[in-house]
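Since we're looking at a predicted model, the values are computed, not measured.
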Amino acid sequence: MSKSLASIQLRACTEPAGQFLTLANWYQIENDDQLTPCASPASQAGQYLCFFGAELSGATVLEILKLCREADIEVTQLALYQPTADMLPGLVLSTQSTRDVRTAIRALAAQCGLQGAAISQPPSIRKPGLLVMDMDSTAIKIECIDEIARLAGVYDEVAAVTAQTMAGQLAFNDSLYQRVAKLSGVELPLIQQLKDNLPLMEGVAQLCEVLKAHHWRLAIASGGFTWFADALKAPLQLDAVFANTLEIADNKLTGKVLGEVVDGNKKAEVLNTLAEQFDISANQTVAMGDGANDLIMMAAAGLGVAVHGKPKVVEQADAAITQGSLTQLLYLVAVPV
C-alpha cells in the first residue's frame, strides 16, 4: 500500500505495519481504520501510549486501537518508530486523557503479545540525558550479596532476607547489616572469581552504548557493593558509581559495612546530584531498578522504569520492562516528538 500523503486504510493483515506506515510520521486517526498523515502533536497535555516487544502487523495495530476503545481510552494520533536500525518498530498513540492508564495499557499490550507504557512527558534521546541504574538484578542478572552468601555457606537464609527486602517487607538498612554480618570470614580470592564473571543483564551494554552515543550520562546507584559496581565502569561506560563498601581485614570480609549506606533515599540523592552536576533537566532523567529500595529514586526521576521488577515496583513505576532485553528502554526515550 502506498505511503503517500493520501489517507491510509488499516487492514487486518499479517504484513508488518511498516509496509504501509512511514516510520516517525504521525497519522490522524479519522475513524476505526482510516489514517491521514499529520504533524506531530504540537503540545502534549495528555499521554503517549507506547507498544513494543514484537513484530507489529496491520492486524495488531487494529487490535490495539479496538482494545483502547473498549478501555475507554480515546486516542487521536499514532506513529511507528524505530529507536535503532536493528530494533523492531514500536507503536505510539497520542491521547489527551490525563487519567492513570498505566495498568490498563500494560494489560492491553499483553493481550497483543507486547509490552506497553503510558508516559506523559517522555525524555528524548535527541537531547543530553541521565540514566541512573540499580545494579543487582537490573544491570546484572544476580544479587551479589546472595552469591557471596553461597560462598559462605549461608545462601538460603541470606537470599530469603534479600527477597523480603526487595519486595519492601523489610527496612533496607537493617536487612543489609543483618545479611552482611553473615558474610564474615569470606576470603577475597573467592569474591574475585565472582567479580570477574558478573553476568550482565541482556541488552544493558547495548543500551548504554546507544545512550552514550547520544551524549547521555550513565551511573549506577546500588545497595550492593563497590567491589562489584566498580567492575562495571568500563563495560557499561559509566560516568559514576555509588554503592556500599565492605570492610576487609586480613584479606577477608569482616561482616561490616563502612560509611554511609546507599539506601533508597541515597539513591534519589545521587540522581538529583548528578543531574545538577551534569546540567541535565529533571525531565531528561531516567531511573531504572527492580526493588522497593529503588522506588524513591524512580519517583525523583523524570521517568522511573521497573526492570523485571517486583509487583510493588511495577505497580508504582512510570513504565515497566517485564521481559526481554533492556534495549527496550529505548522505546521510552525515542518517541518521535
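Defined by atom type and a distance below 3.5 Å, a donor-acceptor pair is present between the side-chain atoms of Thr60 and Ser57. Checking Gln192 against Asp196 by side-chain atom types alone, a donor-acceptor pair falls below 3.5 Å. Judged by distance alone, the side chains of Thr322 and Gln115 do bring a donor and an acceptor atom under 3.5 Å apart. Checked by atom type, the side-chain pair Gln28/Thr36 shows no donor-acceptor distance below 3.5 Å. A donor and an acceptor atom, one from each side chain of Thr95 and Ser97, are nowhere located under 3.5 Å apart. Side chain to side chain, Asp86 and Thr84 meet the donor-acceptor criterion of an N or O pair below 3.5 Å.
Panel note: side chain Trp227, backbone Leu188; no donor-acceptor pair is recorded below 3.5 Å. Here the side chain of Gln284 pairs no donor or acceptor atom with the backbone of Ala275 at under 3.5 angstrom. A donor-acceptor pair under 3.5 Å is absent between the side-chain atoms of Trp26 and the main chain of Leu80, judged by distance alone. Listed for the Glu315 side chain is no donor-acceptor partner under 3.5 Å among the backbone atoms of Thr103. Of the possible donor and acceptor atoms, none in the side chain of Glu202 sits under 3.5 Å from a partner among the backbone N and O of Lys141.
In this structure, Val305 is not a member of the same hydrophobic cluster as Val314, with clusters built from ILVMFWY side-chain heavy atoms closer than 4.5 Å. Both Ile145 and Leu246 are part of a single hydrophobic cluster, where members link through side-chain heavy atoms under 4.5 Å apart. In the hydrophobic clustering of ILVMFWY residues, with side-chain heavy atoms under 4.5 Å counting as a link, Leu332 and Val337 come out together. With hydrophobic clusters built from ILVMFWY side chains whose heavy atoms lie under 4.5 angstrom apart, Leu253 shares a cluster with Ile142. Tracing side-chain contacts under 4.5 Å through hydrophobic residues (I, L, V, M, F, W, Y), one reaches Val307 starting from Leu131; they form part of the same cluster.
Rounding to the nearest 0.5 Å places CD1 of Ile125 at 4.5 Å from NE2 of His214. Put simply, NZ on Lys195 and SG on Cys144 are 11.0 Å apart, with the number rounded to the nearest 0.5 Å. Distance CD1/Ile64 to CG/Leu10: 10.5 Å, rounded to 0.5 Å. Within the model, atoms OG of Ser222 and CD1 of Ile140 stand 7.5 Å from one another, a figure rounded to the nearest 0.5 Å.
With a 6.0 Å radius and a threshold of 12 heavy atoms from other residues, nucleotides or ligands, Lys182 has its NZ atom at or below the threshold. Sparse packing is recorded around CD of Glu276, with 12 or fewer heavy atoms of other residues, nucleotides or ligands lying under 6.0 Å away.
In summary, Lys66 and Glu63 engage in a salt bridge, as defined by a charged side-chain N under 4.0 Å from a carboxylate O. With respect to the salt-bridge test (charged N to carboxylate O, under 4.0 angstrom), the residues Arg102 and Asp100 qualify. Remark: Asp134 engages Lys267 in a salt bridge, criterion side-chain N to carboxylate O under 4.0 Å. Between Lys266 and Asp263 there is no salt bridge, since no side-chain N of the basic residue sits under 4.0 Å from a carboxylate O of the acidic one.
The shortest side-chain heavy-atom distance between Met135 and Val241 does not fall under the 4.5 Å cut-off. At least one side-chain heavy atom of Asn251 sits under 4.5 Å from a side-chain heavy atom of Pro189. Ser175 has its side chain out of reach of Gln164: every pair of non-hydrogen atoms, C-beta onward, lies at least 4.5 Å apart. Using a 4.5 Å heavy-atom threshold, the side chains of Pro128 and Ile280 count as touching. With a 4.5 Å cut-off on side-chain heavy atoms, Asp290 and Glu143 count as touching. Using a 4.5 Å heavy-atom threshold, the side chains of Gln96 and Glu74 count as separate. With contacts defined as side-chain heavy-atom distances shorter than 4.5 Å, the pair Leu232/Met133 does not qualify.
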- request: Might you work through the salt bridge (Lys or Arg N to Asp or Glu O under 4.0 Å) test for Asp239 and Lys212, ending with a clear yes or no?
  value: CA-CA 10 Å; Asp239 295 284; Lys212 267 295 181 182; 2.8 Å; yes
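Contact between Val313 and Ala292 at its shortest, heavy atoms only, is CG2-N, 3.6 Å.
Relative ring orientation between Tyr331 and Phe52 is described as parallel, the plane-to-plane angle staying below 30° on a 0-90° scale split at 30° and 60°.
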